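Just below is one structure, and these are the notes that go with it.
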Amino acid sequence: MISEEQSKRIEEIYRNYRITVKPLIAVIEAAYERFPIQIFNEIRALFDHIAHCYSPDAQPENIEKEITRSESHLYRIIFDCFKFLNVKAKDELDLFEKQTRNVDLPSISNGEFYPEYKRLANLAFSNAKEAKKLESSNKDQSLKYFEDAYNTYIKLQEHIESNRIYIVRAKWKFRTYRLFKIFLWFLAAVISGFISLFFTCPQVVTSIKNNFLNLF
């Protein structure tokens with residue numbers, strides 16, 4: 001039979017699943033558009049251990065083991081959720097940097113955007129790196145770093161979105177400048193070719209001029 005203390009521990013597992021895990025899973029599904037099988041297996045194992053606690057012939061010592069195992073799976077689920085979200089956030093950051101590699105980011109918002117952008121990007125990377133280092137030696141501290149990394153990535157995404165209009169303008173500025181350079185190169189090539197033609201084949205130039213004048 002489940003004791004009162006064990007019942008409270010099971011209630012705490014359900015509470016943490018409802019308050020912490022479900023919102024994280026919702027974000028993962030929105031980001032990946034699928035449910036990661038790794039997390040699905042952990043959830044199935046968690047509730048399988050809890051179900052064993054309610055078996056009619058379950059012994060107190062076995063119930064204790066099943067609750068401990070379910071708590072371990074809950075911890076693993078939260079751990080994996082943050083890892084999935086951090087990987088997705090890092091991929092999005094890499095894509096952003098690839099798309100803006102030719103954009104003058106330091107000039108955006110009068111120079112206020114880039115320092116905060118780099119600070120948050122470096123902090124998120126540092127937290128994720130520290131989390132991986134501690135994953136096998138200090139799981140609680142590792143989980144904290146993974147959570148900090150995720151929260152920092154969220155702040156970074158918000159910072160980018162709040163400056164999105166200026167980033168788009170900077171992109172168009174670069175593209176316009178590049179098109180202008182291409183136009184100048186083309187114009188210089190045409191002029192250079194015409195000058196070369198003038199000195200090597202003046203009769204051809206005269207013929208082109210006369211044909212052009214005959215149009216009017």
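Just so it is clear, the structure is predicted and the values come from calculations on it, not from any experiment.
For Ser162 (side chain) and His159 (main-chain N/O), a donor-acceptor pair under 3.5 Å exists by modelled atom type. In this structure a side-chain-to-backbone donor-acceptor pair under 3.5 Å is missing from Tyr150 to Ala89. Proximity of a side-chain donor or acceptor of Tyr166 to a complementary backbone N or O of Phe113 within less than 3.5 Å is not detected.
Transitive grouping of hydrophobic side chains (ILVMFWY, heavy atoms separated by less than 4.5 Å) brings Ile50 and Val21 into a common cluster. The hydrophobic cluster containing Phe96 does not contain Leu85, counting ILVMFWY residues as joined when their side-chain heavy atoms lie under 4.5 angstrom apart, directly or transitively. Following chains of ILVMFWY side-chain contacts shorter than 4.5 Å, one can reach Ile37 starting from Leu24, so the two form part of one hydrophobic cluster. No continuous path of ILVMFWY side-chain contacts below 4.5 Å connects Tyr117 to Leu123, so the two sit in separate hydrophobic clusters. Using a 4.5 Å cut-off between side-chain heavy atoms of Ile, Leu, Val, Met, Phe, Trp and Tyr, with links allowed through other members, Phe82 and Tyr153 fall into different hydrophobic clusters.
Remark: Leu156 CG to Glu92 CD distance equals 10.0 Å, nearest 0.5 Å. The line from OH of Tyr75 to CG of Asp80 is 10.5 Å long, rounded to the nearest 0.5 Å. Taking CG from Leu143 and CG from Asp148, the interatomic distance works out to 9.5 Å, rounded to the nearest 0.5 Å. For the atom pair CG of Leu46 and CD1 of Ile77, the computed distance is 5.0 Å after rounding to the nearest 0.5 Å. Here the CD1 atom belonging to Ile78 is positioned 11.5 Å from the CD atom belonging to Glu42, to the nearest 0.5 angstrom. Interatomic distance, CD1 of Ile67 versus CD of Gln6, reported as 4.5 Å (0.5 Å rounding).
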Begin with the C-alpha distance, continue with both residues' side-chain angles, and end with the deciding distance and a verdict on side chain to side chain contact (heavy atoms under 4.5 Å, CB included) for Glu12 and Asn16. CA-CA 6 Å; Glu12 183 65 13; Asn16 283 326; 3.5 Å; yes
From CA spacing to verdict: side chain to side chain contact (heavy atoms under 4.5 Å, CB included), Tyr145, Asn138: CA-CA 11 Å; Tyr145 275 115; Asn138 190 332; over 6 Å; no
Please step through side chain to side chain contact (heavy atoms under 4.5 Å, CB included) for the pair Glu135 and Lys83, ending with a clear verdict. CA-CA 11 Å; Glu135 191 170 348; Lys83 289 180 73 174; 3.0 Å; yes
Determine whether Asn41 and Arg44 satisfy the following criterion, side chain to side chain contact (heavy atoms under 4.5 Å, CB included), listing intermediate values before the conclusion. CA-CA 5 Å; Asn41 288 335; Arg44 182 176 60 182; 3.2 Å; yes
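Contact between Ser142 and Ala131 at its shortest, heavy atoms only, is OG-O, 2.6 Å. Residue Ala128 comes nearest to Ala149 through the heavy atom pair N-CB, 3.7 Å, listed as atom of the first residue, atom of the second, then distance. Taking each heavy atom of Ser70 and His49 in turn, the nearest pair found is CB-CB, 4.0 Å. Pairing each heavy atom of Ile108 with each of Ile167, the nearest pair is CD1-CG1, 3.6 Å. Contact record, Phe125 with Lys90: CD1-CE, 4.2 Å, taken as the closest heavy-atom pair. The two residues Pro36 and Phe84 have their closest heavy-atom pair at CB-CZ, 3.6 Å.
A 6.0 Å sphere centred on CD of Glu61 holds more than 12 heavy atoms belonging to other residues, nucleotides or ligands. Within a 6.0 Å sphere centred on NZ of Lys144, other residues, nucleotides and ligands contribute 12 heavy atoms or fewer.
Between Arg164 and Glu161 there is a salt bridge, since a side-chain N of the basic residue sits under 4.0 Å from a carboxylate O of the acidic one. The pair Glu116-Lys155 does not count as a salt bridge, with every side-chain nitrogen at least 4.0 angstrom from each carboxylate oxygen. Ionic pairing of Lys133 and Glu130 is present here: one or more N-O contacts between side-chain nitrogen and carboxylate oxygen are shorter than 4.0 angstrom.
Aromatic ring centres of Phe47 and His73: separated by at least 6.0 Å.
Residues Asn127 and Glu147 are not in side-chain contact: their nearest non-hydrogen atoms beyond the backbone lie 4.5 Å or more apart.
With sequence neighbours left out, Asn110 forms a side-chain hydrogen bond (donor to acceptor under 3.5 Å, both in side chains) with no residue at all.
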